[in-house]
Amino acid sequence: MWHSIVGLPAKAQPADPYLPSEPIALGICATGETPGTGYQGLSILTGGLRFPICEHNSYAPVFNEIANAAIDIAIACSFPLPDAPTGETIDLDTLEVEYTPGDGSGKQTFVQVDGASSCTPGAFYLADGIVTICPAACDVMQSDARATVSVLYDCENIAN
């Protein structure tokens, strides 16, 4: 989501943002140089808000929106397998997912299972290049706002 603070004119209520459903504003506020139409377009495409740069006293809504969006981000429970370094291939037998709780308690290493039907708490599986955390482990991670997740693996050198 891309929010823009650009040279567009203020709305009737200066603290009100331009919503993604509103068209690109072509006017310019008093100290703006351009309306920032490219940035406005990016905001519209990504569901972001647009604010006039000239309304210094009305920035609170944009910063509140950015903060709220950051709070709402949850750890993904499915993601593509990382790319191996150049000249190497990932040894899939060594693949591990490491969950670090946000409360500072010890790291947890999830084990790899054969597929969704083999899921257990603290497990993940690999299918078609997608790492998927099993539901019980996913629930724990997503309820932890400060959690981090790492994918660990060994590599094998590819013979040239």
- [ ] If a pair satisfies salt bridge (charged side-chain N to carboxylate O under 4.0 Å, His left out) and one of its residues is in residues 23-38, list it, with sequence neighbours excluded.
- [x] none
Open item on the list: Which Ile, Leu, Val, Met, Phe, Trp or Tyr residues join Val113 in one cluster when any pair of side-chain heavy atoms under 4.5 Å counts as a link?
Closed with: Tyr125
So if you build clusters from Ile, Leu, Val, Met, Phe, Trp, Tyr with side-chain heavy-atom gaps below 4.5 Å, do [X] and [Y] land together?
X	Y	answer
Val111	Met141	no
Ile28	Val6	no
Ile90	Phe124	yes

Spell out, as yes or no, whether a donor-acceptor pair under 3.5 Å connects the side chain of [X] to the backbone of [Y].
X	Y	value
His3	Leu49	yes
Gln40	Ala25	yes
Asp154	Asp91	no

TODO: Go through the steps to decide whether Thr109 and Tyr99 satisfy the test side-chain contact (heavy atoms from CB on, under 4.5 Å), and finish with yes or no.
DONE: CA-CA 6 Å; Thr109 301; Tyr99 159 58; over 6 Å; no
Please report, to 0.1 Å, the donor-acceptor pairs under 3.5 Å made by any side chain of residues 126-138, with sequence neighbours excluded.
residue, atom, partner, partner atom, Å
Thr132, OG1, Ser78, OG, 3.2

Return the [atom1] to [atom2] distance between [X] and [Y], rounded to the nearest 0.5 Å.
X	Y	atom1	atom2	answer
Leu26	Thr34	CG	OG1	11.0 Å
Thr120	Phe110	OG1	CZ	10.0 Å
Thr37	Ile44	OG1	CD1	10.0 Å

Can you name the closest pair of heavy atoms from [X] and [Y] and give their distance?
X	Y	result
Gly106	Pro101	O-CD, 3.3 Å
Asp83	Tyr153	O-OH, 3.5 Å
Gly48	Pro20	O-CG, 3.3 Å

Donor-acceptor contacts under 3.5 Å from residues 8-19 side chains, at least two apart:
residue, atom, partner, partner atom, Å
Lys11, NZ, Pro17, O, 3.2
Lys11, NZ, Glu22, OE1, 3.0
Lys11, NZ, Glu22, OE2, 2.9
Tyr18, OH, Pro9, O, 2.8

Task: Trace of the side-chain contact (heavy atoms from CB on, under 4.5 Å) decision for Thr94 with Leu92 - done: CA-CA 5 Å; Thr94 66; Leu92 298 177; over 6 Å; no
Task: Atom OH of Tyr39: over 12 foreign heavy atoms under 6.0 Å - done: no
Less than 4.5 Å apart, side chain to side chain, heavy atoms only: is that true for [X] and [Y]?
X	Y	value
Leu81	Leu95	yes
Arg146	Asp103	no
Cys29	Glu55	no

Task: Residues forming a salt bridge (charged side-chain N to carboxylate O under 4.0 Å, His left out) with Glu96, sequence neighbours excluded - done: none
Open item on the list: List the residues meeting side chain to side chain contact (heavy atoms under 4.5 Å, CB included) with Ser43, not counting sequence neighbours, and say none if there are none.
Closed with: Trp2, Ser4, Arg50
